[in-house]
Amino acid sequence: MEYNFRKIEKEWQRVWKETGAYKVSNDSAKPKAYVLDMFPYPSGAGLHVGHPLGYIASDIYSRFKRLKGFNVLHPMGYDAFGLPAEQYAIENGVHPAVSTEKNIENFRKQLDNIGFCFDWSREVRTSDPAYYKWTQWIFLQLFSSFFNRTNGKAEPISGLVAIFEKEGNIGHVSPANPSLVFDAATWKSYSHKQQQDILMDYRLAYCGEGEVNWCEALGTVLANDEVVNGVSERGGYPVVKKKLRQWYLRITEYADRLLEGLERIDFSEAMKEMQTNWIGRSYGSEIDFNVKSEKATVDKLRVYTTRPDTIFGVDFMVVAPELDWVPELASAEQLQSVQDYLDYVKSRSERERMAEKKISGVFTGAYAINPFDGREIPIWISEYVLAGYGTGAIMAVPCGDERDFKFAQHFGIPITNIIGSHFDGEEANPTKEAVLENSGFLTGMTMRDAIGAAIDKLEVMGIGKRKVNYRMRDAAFSRQRYWGEPFPIQWKAGEAVPLPVADLPLALPHVDSYKPGPEGEGPLANIPAWVAKELETNTMPGYAGSSWYFLRYMDPHNNHELCSRKASDYWGQVDLYIGGTEHAVGHLLYSRMWTKALYDLGYIGHDEPYKKLVNQGMIQGSSRFVFRVNGTNTFVSKGLLSADGTYQGKTIDKLHVDVNIVDGYELDTQAFTKWRPSFADAEFILEDGKYICDSEVEKMSKGKYNTVNPDDLVDKYGADTFRMYEMFLGPVEMSKPWDTKGIEGVHRFLKKFWRLFMDEEKGLLVVDEPATAEELKILHRTIRKIEEDTERFSFNTAVSSFMICVNELTELKSRKKSILSDLLVLITPYAPHIAEELWHQIGNAGSVLDAAFPVFDEKYVRESAKAYPVAINGKTRAEITISLEANQQEVEQIVLADTSIAKWLEGKPPKKVIYVKNKMINVVI
RNA sequence: GCCCGGGUGGUGGAACUGGUAGACACGCAGGACUUAAAAUCCUGUUCGCCGAAAAAGCGAGUACGGGUUCGAUUCCCGUCCCGGGCACCA
């Protein structure tokens with residue numbers, strides 16, 4: 001019987017489906033394990049070989065935990081709202097729900113091909129009204145809550161209203177408007193609208209004003225990456241910033257808890273660092289400077305600095321250009337330059353400003369007065385200072401800050417040195433250890449000490465105060481789009497009124513056109529009935545549905561709650577979460593915040609969603625190129641080109657060619673002529689009868705013709721081979737280029753594995769006889785290795801161990817049922833189909849999916865002696881087998897008596913003999 | 001510019017806590033079986049030197065230059081290159 005993987009795999013997939021082998025119960029005496037993949041956006045392009053990498057890893061881990069006796073939740077679903085479907089709808093008139101459904105169907109088929117153990121009865125789709133009902137419900141919870149800073153928790157806003165009625169807002173500073181203070185009587189005197197406006201500044205989900213990239217010509221709002229050089233990527237139309245009503249999540253209130261939570265979860269240090277940097281907590285102070293300007297309409301400039309100790313080294317101020325009052329600073333002489341600069345900045349996207357390396361800015365003509373020495377400090381504006389961070393203004397200290405230094409140098413601003421020899425005039429020195437000079441009352445102090453002293457003095461003078469700042473901003477939570485969750489909000493006389501929970505879900509209405517509404521509103525603004533009901537016309541962003549989906553899997557069909565408390569208490573945190581680093585600061589922060597809010601409000605019992613996160617690397621494409629003689633249809637093999645890339649002096653075009661018609665580097669010229677009509681009459685200049693292509697590692701994408709479809713590989717080699725090969729490629733966390741060539745080796749391995757059990761003619765070879773010590777040693781070494789490697793996600797080395805084990809058993813012609821049965825269980829997580837088939841072939845009952853993972857017993861692998869490497873001065877010179885019982889003295893005797901060692905000693909005694917038991921021996925001479 | 005990864009044979013990678021560098025594969029070369037091919041199996045494969053060859057031996061070698069150590073792919077300092085991320089964060 002030969003290894004007919006096509007038949008075996010289809011057959012067992014059918015059986016597993018029929019028997020509900022992957023259905024998971026919420027009611028089990030077994031310990032639980034929750035293994036989750038970041039769910040995919042079902043794009044029209046389908047899966048390529050990069051996508052399943054993480055899914056295979058989590059699938060192996062899930063199956064492994066199941067064999068180890070866990071009740072394993074391993075669900076899958078779709079992040080089904082998103083821009084591409086809407087764009088496709090605009091271009092082709094197909095409703096996003098229709099194209100999404102079709103794409104999901106295709107994804108499902110591709111996923112099923114690979115043989116995953118997902119419990120599909122728990123599938124979720126964020127675009128399903130039964131799902132987004134609860135996304136809307138959570139939004140209403142956030143809308144109806146505020147963050148109580150006195151105990152650091154989200155609480156219902158009704159409690160805040162009660163407090164306001166009793167004592168005003170003395171104990172609860174407004175996050176959005178810190179200077180607002182009112183007492184109970186004042187609160188009661190406010191109109192309903194005024195009260196609602198104040199409450200909006202406290203809500204965790206709130207409505208405010210925000211700037212968007214508005215493109216008049218396209219009549220739509222654009223994402224940052226759709227704007228290039230101030231014009232739209234599509235069409236090249238002008239883009240301006242426009243203020244629109246926007247919803248936000250007050251994630252900044254959770255900044256400290258998001259930082260604290262990182263200490264309790266198992267994320268990579270790199271990931272924690274990224275989140276920490278994103279939140280960006282800094283300790284500094286705000287300082288007010290008096291302003292001297294021609295117009296004299298601005299009397300104070302408030303800056304934020306982490307280094308108040310350097311205040312005597314301030315040589316200029318920089319203000320963010322977009323602050324409203326900037327023109328007020330301009331002197332008559334500078335007004336034109338300031339206006340020109342503001343126009344320039346307006347045309348630039350945020351992204352461009354960030355990437356900009358060249359220094360730009362303009363002097364306003366106004367001065368700030370140093371409060372300690374009365375010096376007049378010129379005030380500049382420059383795009384390197386952002387309005388959204390701190391106060392939108394900085395005090396620039398060129399001797400201590402690199403950017404300030406370069407700015408001063410570029411514009412010829414004189415530099416004050418306050419750190420003596422620590423500053424060399426060549427580059428800034430950001431030290432905190434220097435002793436201050438030229439610094440008034442701070443002179444003679446180390447900078448570290450002066451920070452506190454400076455703040456103390458500023459506070460006494462009433463012109464400065466300590467301030468903790470966060471880099472993170474509140475999360476914009478609305479989009480002017482169609483294909484997203486509608487907000488369950490009605491606008492009545494300018495007040496946002498939540499819909500009653502009983503009216504959820506607020507279903508996304510049918511539209512005839514996906515075109516944007518008037519004035520940058522979303523397509524929902526085009527529906528008269530919608531507008532008549534005064535419903536919010538924005539929709540929620542892509543990350544809304546993905547911020548809580550891990551909870552829905554636990555109880556996916558619950559119509560009364562987002563997830564029953566019983567279910568969420570049983571499954572608790574996700575034990576293993578696998579996904580890419582691109583979500584480091586988006587999805588992972590948002591879902592952590594939602595979890596904390598739901599925890600605060602008592603809906604779930606844990607405040608961190610993911611116990612452990614593993615990041616999968618990106619699989620890059622290995623592109624192939626052909627060389628066409630410019631202006632002809634003649635293609636030259638790579639090796640025939642000159643060093644300068646020409647052929648017989650003629651220019652060459654380097655073109656991407658579909659990797660699927662290249663075998664390694666050799667082009668299938670037949671297939672090439674059929675690939676595209678324009679190549680039908682292509683001519684080839686070959687080397688050694690072959691056409692050799694060039695290659696480059698690039699991102700995998702359709703346009704580069706370097707995508708590989710898993711379906712093709714599964715068809716050719718089977719799912720088990722594909723699964724093991726993806727793992728064999730290297731560590732999951734690492735990025736690596738895809739190379740189909742190596743898959744043959746893994747396929748050969750599985751065929752060899754099969755032949756341990758089966759002979760093509762004779763059939764089953766397995767015998768029920770006692771195993772030898774040698775066989776048991778091989779088995780138990782493998783058990784130990786597979787268990788350790790799977791537990792630490794080292795799947796590539798686990799595959800190697802299987803290969804080694806099979807090579808050794810083949811060598812021994814071992815056919816013992818007891819050995820091979822255990823081996824089948826070991827390989828089940830990796831190659832479930834072949835394992836199940838052989839499990840039944842050798843006469844085992846039940847499914848191998850539920851077999852017990854073999855228990856490692858050290859006694860079978862114990863050794864009595866070791867072949868030690870013996871080194872002379874660290875260089876290995878011999879291998880001597882010595883008993884593990886031997887002591888230092890005995891070892892020295894044996895080693896020094898060895899002829900190949902003795903010759904290095906030339907009769908002299910060694911200085912030292914280092915003997916590390918079970919490791920090595922080193923003779924020092 | 002800043003932050004995070006990573007540089008090991010022709011290729012993917014292994015070496016888990018400082019202890020035989022290159023496991024396991026791919027590719028390549030040679031051979032067996034076959035009319036032939038596929039499949040399968042066997043042998044070799046870091047580089048250089050020495051050798052007719054084999055065996056054995058010698059030297060170098062984990063991006064580069066230093067350091068610590070009996071011993072460094074692993075730890076420390078400096079440099080270069082590649083990949084990814086970013087909101088110039090005061």
Side-chain angles (χ1 to χ4, degrees), chain A residues 2 224 268-274 276-278 280 282 284 303-307 310 318 350-351 353-357 359 382-386 388-397 400-404 406-407 430 469-473 580-582 584-585 615 617-618 620 622 664-665 697 699 725 728-731 733-746 748-749 751-752 755 760 788-789 792 794 796-804 807 810 867-879 900 910-914 916 918-925:
Chain A
E2 61 166 353
N224 275 334
S268 69
E269 285 309 311
M271 182 62 55
K272 289 183 182 180
E273 256 177 85
M274 273 191 247
T276 304
N277 291 344
W278 186 265
S282 67
V303 304
Y304 175 74
T305 180
T306 54
R307 296 297 300 274
T310 61
V318 186
E350 192 168 349
R351 190 156 292 193
R353 280 178 63 180
M354 297 318 163
E356 185 59 79
K357 284 187 189 75
I359 296 160
S382 171
E383 59 179 339
Y384 83 90
V385 170
L386 303 177
Y389 185 74
T391 60
I394 64 159
M395 53 179 230
V397 183
D401 183 280
E402 196 53 43
R403 261 187 338 241
D404 297 347
K406 291 212 170 110
F407 193 90
N469 228 340
Y470 299 93
R471 206 165 75 180
M472 181 169 65
R473 306 197 280 252
T581 33
E582 66 270 25
V585 289
N615 288 115
M618 192 172 44
Q620 294 145 322
S622 184
Y665 298 95
V697 172
K699 269 193 177 164
Y725 182 57
F728 190 57
L729 228 43
E733 307 92 331
M734 259 176 16
S735 293
K736 56 238 154 188
W738 178 264
D739 177 16
T740 299
K741 268 275 170 195
I743 198 169
E744 302 265 0
V746 175
R748 260 172 233 157
F749 155 74
K751 285 200 278 195
K752 193 166 181 180
R755 286 198 306 272
E760 277 191 29
E788 280 176 6
D789 286 357
R792 67 188 174 102
S794 180
N796 56 327
T797 52
V799 175
S800 299
S801 315
F802 282 123
M803 289 173 170
I804 292 166
N807 287 346
T810 302
Y868 283 95
V870 184
I872 306 290
N873 288 343
K875 190 113 194 110
T876 307
R877 298 294 179 183
E879 193 177 80
S900 58
K911 273 195 198 141
K912 208 200 279 184
V913 175
I914 292 158
V916 183
N918 209 13
K919 290 278 186 200
M920 46 63 70
I921 296 158
N922 188 15
V923 181
V924 185
I925 58 174

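The sequence lines fix the lettering, A, B, ..., with proteins before strands; numbering per chain opens at 1. The model shown is predicted, which means the values in this text are computed figures rather than measured ones.
Across all strands, A/E879 comes closer than 4.0 Å to base atoms (heavy-atom distances). No contact: A/P737 has no heavy atom under 4.0 Å from any strand. Residue contacts shown for A/A396 are absent, as no nucleic acid heavy atom lies under 4.0 Å away. Looking at heavy-atom distances under 4.0 Å, A/M274 makes no contact with the nucleic acid at all. Within the nucleic acid shown, A/M472 comes within 4.0 Å of at least one base atom, counting heavy atoms only. A/I804 comes within contact range of the sugar-phosphate backbone alone, with a heavy-atom separation under 4.0 Å but no base atom that close.
Between the C1' atom of B/C41 and the CZ atom of A/F749 lies a distance of 18 Å, rounded to the nearest Å. Spacing between atom CG of A/N615 and atom P of B/G6 amounts to 12 Å, rounded to whole angstrom units. Per the geometry, CG belonging to A/D789 stands 17 Å off P belonging to B/A23, to the nearest Å. When the C1' atom of B/C24 is taken as reference, atom CZ of A/F728 falls 5 Å away, rounded to whole Å. Between the C1' atom of B/G59 and the CD1 atom of A/I872 lies a distance of 17 Å, rounded to the nearest Å. Distance, A/Y725 OH to B/A25 C1': 9 Å, rounded to whole Å. The NZ-C1' distance, from A/K751 to B/U40, rounds to 9 Å in whole Å.
Below 30°, between 30° and 60°, or above 60°: for A/W738 and A/Y725 the angle between ring planes is above 60°, a perpendicular geometry.
Note on A/N277: every side-chain N or O is 4.0 Å or more away from OP1 and OP2 of B/C4. Side-chain nitrogen and oxygen atoms of A/R471 include none within less than 4.0 Å of the OP1 or OP2 phosphate oxygen of B/A90. Close to B/A25, at under 4.0 Å from its OP1 or OP2, lies a side-chain N or O of A/N807. In terms of phosphate contacts, A/R877 brings no side-chain nitrogen or oxygen within less than 4.0 Å of OP1 or OP2 of B/G57. Contact check, A/R748 against B/G27: a side-chain N or O comes under 4.0 Å of OP1 or OP2.
Closest non-hydrogen pair, A/S268 versus A/N615, comes out as OG-OD1, 4.1 Å.
Judged by distance alone, the side chains of A/T797 and A/S800 never bring a donor and an acceptor atom under 3.5 Å apart.
Counting only heavy atoms from C-beta on, A/R792 has its side chain closest to B/C16 among B/C4, B/A23, B/C16. Minimum atom distance to the side chain of A/T305 is reached by B/A90, of the listed B/C70, B/A90, B/G13.
Here the side chain of A/D401 pairs a donor or acceptor atom with the backbone of A/D404 at under 3.5 angstrom.
In this entry B/U34 has no Watson-Crick or G-U wobble partner, no candidate having both defining distances under 3.5 Å. In a base pair of the Watson-Crick type (N1 to N3 plus N6-O4 or O6-N4) or a G-U wobble (N1-O2 and O6-N3), with each distance short of 3.5 Å, B/A29 is matched with B/U43.
Side chains of A/M395 and A/T305 form a contact here, defined as non-hydrogen atoms less than 4.5 Å apart.
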Problem - Residue pair A/Y304, A/S282: steps toward the side-chain hydrogen bond (donor to acceptor under 3.5 Å, both in side chains) verdict - result: CA-CA 11 Å; A/Y304 175 74; A/S282 67; 2.9 Å; yes
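Nucleotide B/G13 is shown with an anti base, its glycosidic torsion being more than 90° from 0.
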